Asks: 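The structure that follows is given in the form of structure tokens.
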Amino acid sequence: MSSEDAVYRSVIQSLSNLNSDYVDLLLIHWPGTSKRKVSLPNTENRLAAWRALERLKREKKAHNIGVSNYTCKHLQELLAHAQELPCLNQIEMHPLCYNASRDVISMCERLGIRIQAYSVFGEGRLLERGGKYDIFDAIATRTEREEHMAPPTRAQLLVKWALQHGFSVVAKTVTVSRVRENFDVEFFHIPTEDMAFMDSLSQSGGLLQHEKFCWDPETVS
């Protein structure tokens, strides 16, 4: 069985498991291949997976198709062969990796590929108290808010930062109260100067260092 057929059949089985004829969005989660060294070339598998997704969309089994953790080199490779562009690229995104991601953000904007931000809380690390990340609380007190509203929480600030950049957000939590908190971000606005300040935190000479808390797709050939 080819890689393309394997991907296609896997999705068909998932649809059966879901008792559904389609999914709204289907992503290639990672530019590498499970149990394969990231240093080994993986172009063939990536392109085969994308062909399977294109077929699934043509058959209306996936209404939208996209990628995740794709860098500029992975997107350029896809552009040279794809019949259809991904609708989005889901990547780790928060103020401490924003500057290192500017190239892929710019490329996606140019091509009309939406950025979807995951790990906006840095796997929870950016919410830890009593350390260098407390700087976000100070920024939260300066937000422009509806009258009589308390400052946003740190989590709300980080979600809003991503939204004001035009990214859609996937904020992971299993706690109902935090789901509500993460959605409740319409009562305040981060001023332009503080957006720029948050963007600059991990620049050379900034107050914090560049950090990624999840996978590094740059290592995937």
Side-chain angles (χ1 to χ4, degrees), residues 27 29-32 38 67-72 88-106 108-109 114-220:
L27 302 180
H29 180 66
W30 179 247
V38 294
V67 294
S68 182
N69 297 298
Y70 268 44
T71 66
C72 287
L88 67 77
N89 186 13
Q90 187 185 86
I91 58 176
E92 179 178 353
M93 183 55 59
H94 47 72
L96 300 194
C97 69
Y98 173 73
N99 284 292
S101 303
R102 282 182 183 267
D103 286 347
V104 72
I105 292 170
S106 295
C108 287
E109 288 177 347
R114 189 174 185 87
I115 293 290
Q116 186 170 74
Y118 74 77
S119 193
V120 287
F121 308 140
E123 295 291 280
R125 294 279 301 283
L126 300 183
L127 304 181
E128 293 175 358
R129 303 287 178 181
K132 57 187 177 181
Y133 305 132
D134 286 353
I135 191 170
F136 293 117
D137 295 329
I139 298 169
T141 65
R142 300 197 296 265
T143 54
E144 299 168 351
R145 303 183 296 280
E146 294 178 6
E147 192 174 0
H148 307 306
M149 294 294 291
T153 65
R154 195 183 302 186
Q156 289 173 320
L157 180 79
L158 292 167
V159 169
K160 189 72 169 188
W161 170 85
L163 292 173
Q164 287 188 208
H165 268 296
F167 310 142
S168 59
V169 177
V170 178
K172 180 181 177 182
T173 181
V174 296
T175 306
V176 172
S177 61
R178 288 177 181 166
V179 172
R180 294 194 181 105
E181 176 186 327
N182 294 340
F183 269 97
D184 185 21
V185 294
E186 296 302 315
F187 69 92
F188 72 98
H189 181 82
I190 305 172
T192 301
E193 57 270 26
D194 277 328
M195 283 292 293
F197 177 65
M198 291 175 74
D199 292 350
S200 71
L201 285 173
S202 63
Q203 285 180 344
S204 178
L207 294 179
L208 299 173
Q209 293 181 334
H210 163 75
E211 288 190 74
K212 283 181 68 72
F213 301 95
C214 302
W215 309 275
D216 184 6
E218 292 288 350
T219 62
V220 180

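Predicted, not measured: the structure shown is a model, and the values here were computed from it.
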Asks: When rounded to the nearest 0.5 angstrom, what distance separates CD1 in Ile139 from CE in Met195?
Replies: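 Rounded to the nearest 0.5 Å, the CD1-CE separation comes to 10.5 Å.
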Asks: Which value, rounded to the nearest 0.5 Å, describes the distance between Ser101 atom OG and Ile91 atom CD1?
Replies: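 With rounding to 0.5 Å, OG (Ser101) is 5.0 Å from CD1 (Ile91).
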Asks: Does anything in residues 139-159 pair up under side chain to side chain donor-acceptor pair (under 3.5 Å), and if so which pairs, sequence neighbours excluded?
Replies: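 Qualifying pairs, neighbours excluded: Asp134-Arg154, Asp137-Arg154, Arg142-Asp194, Thr143-Arg145, Thr153-Gln156, Thr153-Glu181.
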Asks: Of the non-hydrogen atoms in Val120 and Leu126, which two are nearest, and what is the gap between them?
Replies: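 Distance-wise, the nearest heavy atoms are O-CD1, 3.9 Å.
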Asks: Between the main-chain N or O of Cys97 and the side-chain N or O of Glu92, is there a donor-acceptor pair closer than 3.5 Å?
Replies: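 No.
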Asks: Closest heavy-atom contact between Pro95 and Phe136?
Replies: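 Smallest heavy-atom distance, with atoms named: CG-CE2, 4.0 Å.
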Asks: Find out whether Ser168 and Arg114 are in side-chain contact, i.e. whether some heavy atom of one side chain is under 4.5 Å from a heavy atom of the other.
Replies: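 Counting from C-beta outward, Ser168 and Arg114 do come under 4.5 Å.
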Asks: Rounded to the nearest 0.5 Å, what separation is found between the NE2 atom of His94 and the CZ atom of Arg125?
Replies: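 One finds 10.0 Å between NE2 of His94 and CZ of Arg125.
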Asks: For the atom pair CZ (Arg178) and CG (Leu127), what is the distance rounded to the nearest 0.5 Å?
Replies: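 So the gap between those two atoms works out to 8.0 Å.
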Asks: Can you check salt bridge (charged side-chain N to carboxylate O under 4.0 Å, His left out) on Lys212 and Glu218, steps first, answer last?
Replies: CA-CA 12 Å; Lys212 283 181 68 72; Glu218 292 288 350; over 6 Å; no
Asks: So do the side chains of Gln116 and Met93 get within less than 4.5 Å of each other, counting heavy atoms only?
Replies: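 In short, these two side chains do not touch, never coming nearer than 4.5 Å.
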Asks: Shortest non-hydrogen contact from Pro151 to Ala140?
Replies: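 Shortest heavy-atom separation between Pro151 and Ala140 comes out as CB-O, 3.7 Å.
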Asks: When the ring planes of Trp161 and His165 are compared, do they come out parallel, tilted or perpendicular, using 30° and 60° as the limits?
Replies: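 Answer is perpendicular, since the angle exceeds 60°.
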Asks: Are the side chain of Ser68 and the backbone of Gln90 linked by a donor-acceptor contact shorter than 3.5 Å?
Replies: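 The answer is yes, because a donor-acceptor pair under 3.5 Å joins these two groups.
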Asks: Would you say Asn89's side chain and Tyr70's backbone share a donor-acceptor pair under 3.5 angstrom?
Replies: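 Yes, Asn89 side chain to Tyr70 backbone: donor-acceptor pair under 3.5 Å.
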Asks: What are the two closest heavy atoms between Ala117 and Phe167, and how far apart are they?
Replies: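 Distance-wise, the nearest heavy atoms are CB-CB, 4.3 Å.
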Asks: The test is side chain to side chain contact (heavy atoms under 4.5 Å, CB included); show your working for Arg102 and Tyr98 and say whether it passes.
Replies: CA-CA 6 Å; Arg102 282 182 183 267; Tyr98 173 73; 3.2 Å; yes
Asks: Drop me the distance from Lys172's NZ to Phe121's CZ, to the nearest 0.5 angstrom.
Replies: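 Going from the NZ atom of Lys172 to the CZ atom of Phe121 covers 12.0 Å.
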Asks: If you take all heavy atoms of Leu207 and Phe197, which pair is closest and at what distance?
Replies: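 Where Leu207 meets Phe197 most closely, the heavy atoms are CD1-CZ, 3.6 Å.
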Asks: Begin from the C-alpha positions of Tyr133 and Leu208 and carry the test side chain to side chain contact (heavy atoms under 4.5 Å, CB included) through to its verdict.
Replies: CA-CA 9 Å; Tyr133 305 132; Leu208 299 173; 4.2 Å; yes
Asks: Passes side chain to side chain contact (heavy atoms under 4.5 Å, CB included), Phe188 versus Met149? Steps please.
Replies: CA-CA 9 Å; Phe188 72 98; Met149 294 294 291; over 6 Å; no
Asks: Can you name the residues that form a side chain to side chain contact (heavy atoms under 4.5 Å, CB included) with Glu123, not counting sequence neighbours?
Replies: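 Here the qualifying residues are Ser119, Phe213, Cys214.
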Asks: Give the intermediate values and the outcome of side chain to side chain contact (heavy atoms under 4.5 Å, CB included) for residues Leu158 and Val169.
Replies: CA-CA 10 Å; Leu158 292 167; Val169 177; over 6 Å; no
Asks: Could you tell me whether Arg180 atom CZ has more than 12 heavy atoms of other residues or ligands within 6.0 Å of it?
Replies: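 Atom CZ in Arg180 is not packed in, count stays at 12 or less.
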Asks: Under the 3.5 angstrom rule, does the side chain of Asn99 hit a backbone N or O of Asp199 as a donor-acceptor pair?
Replies: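 Answer holds: yes.
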